[in-house]
Amino acid sequence: MASLMVPPVLQSPRDDATQLYRAFKGFGCDTATVINILSHRDATQRAFLQQEYKNMYHEELTSRLYSELSGNTKTAVLLWMHDPAGRDATILRKALSGDMVDLRAATEVICSRTPSQLQTIKQLYYTKFGAHIERDIEMLATGDHQKLLLAYINTVRYEGLETDRAMVERDAKSLFKAGEKKLGTDEKTFIHIFSGGSRAHLAAVSSAYRNIYGSLKKAVKSETSGNFEFGLLTILKCAENPAKYFAKELYKSMKGLGTTDSTLIRIVVTRTEIDMQYIKAEYHKKFHKSLADAIHSETSSHYRTFLLSLVGS
């Protein structure tokens with residue numbers, strides 16, 4: 001029976017670096033080997049591996065991956081090489097600058113992260129890119145959408161589960177008055193309540209609202225539009241059930257003709273080390289199909305193998 005207690009053979013960063021170097025050498029790249037190694041290493045292992053590779057071969061592993069891989073595989077693998085907070089900072093910088101501005105991607109990342117995650121992301125954004133994320137948001141986002149993002153990224157919120165019933169009922173009433181009850185919408189109230197309270201508080205507000213007035217999500221949809229609406233809904237859905245939110249976003253990225261690969265990659269890569277098991281369960285519950293099957297039918301080749309390795313069967 002003793003053999004069962006032997007832990008699996010963990011590759012040392014040195015072995016990994018050597019294997020990767022061999023995979024890059026010669027004509028073309030042995031992409032299958034590269035993917036197989038990298039997709040099975042966690043954030044700490046990836047950091048050690050990158051350090052080791054640099055020590056041994058005097059070049060950045062990411063630079064080598066950049067020149068050896070291509071297309072969606074390259075995008076996904078390079079994103080995966082970061083640690084989670086550094087990755088979010090990188091996604092946000094790309095979404096908020098250059099010629100490929102993607103406010104929806106920036107909104108999804110900001111409005112679905114916890115306050116402590118956002119604090120770390122903000123610091124890394126500054127150290128990596130020498131820019132304040134608030135400035136970049138101010139340059140690109142406008143109106144209520146801009147106000148929401150700035151409020152959400154700068155408010156220190158409680159992360160526990162306790163809620164105050166009186167405050168919950170007061171906020172539900174305020175939202176009704178600010179939206180469905182009046183002609184036009186008092187966006188300021190929506191921004192204040194959605195960016196000010198904890199997730200537990202907002203989930204409780206949504207529940208109280210439902211008991212008295214109906215669906216808060218429907219209210220948001222009828223009272224707001226565009227990126228502002230998307231931001232509010234992201235905050236609300238992630239307060240109630242982040243895994244369900246991401247399962248639906250993944251479904252949207254793959255439904256219909258063609259696939260929005262940028263969304264598919266972003267969500268799979270950023271959630272793999274956080275809540276992928278829950279997302280898979282929610283996906284199956286909602287769409288009666290496994291997430292792996294959906295990805296399998298929408299992707300191909302090394303790109304497919306890589307995403308499926310991250311998602312797990």
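A salt bridge is absent between Asp186 and Lys177; no separation between the charged side-chain nitrogens and carboxylate oxygens falls under 4.0 Å. With respect to Glu249 and Arg266, no salt bridge is recorded, no charged nitrogen being found less than 4.0 Å from a carboxylate O.
At least one donor-acceptor pair under 3.5 Å links the side chain of Ser309 to the backbone N or O of Thr305.
Sorted by first and then second residue, the salt bridge (charged side-chain N to carboxylate O under 4.0 Å, His left out) pairs involving residues 41-67 (not counting sequence neighbours) are Arg14-Glu52, Asp16-Arg41, Arg46-Glu273, Lys54-Glu60, Glu59-Arg64, Arg64-Glu68. Listed by first and then second residue, the salt bridge (charged side-chain N to carboxylate O under 4.0 Å, His left out) pairs that reach into residues 111-124 are Asp88-Arg113, Lys122-Glu134, sequence neighbours excluded.
Around CE of Met139, the count of heavy atoms belonging to other residues, nucleotides or ligands within 6.0 Å does not exceed 12. For Lys255, the NZ atom sits in a loose shell: 12 or fewer heavy atoms of surrounding residues, nucleotides or ligands are nearer than 6.0 Å. Other residues, nucleotides and ligands contribute only 12 or fewer heavy atoms inside 6.0 Å of the NE2 atom of His192. Atom NZ of Lys244 is surrounded by 12 or fewer heavy atoms from other residues, nucleotides or ligands within 6.0 Å. Enclosure of atom OH in Tyr66 is not indicated, since only 12 or fewer non-hydrogen atoms of other residues, nucleotides or ligands lie within 6.0 angstrom. Other residues, nucleotides and ligands contribute more than 12 heavy atoms inside 6.0 Å of the NZ atom of Lys74.
The only member of Leu236, Thr163, Val168 that meets side chain to side chain contact (heavy atoms under 4.5 Å, CB included) when paired with Leu202 is Leu236.
Taking the six-membered ring where tryptophan is involved, the planes of Phe287 and Tyr251 are essentially parallel, since the angle between them stays under 30° and well short of 60°.
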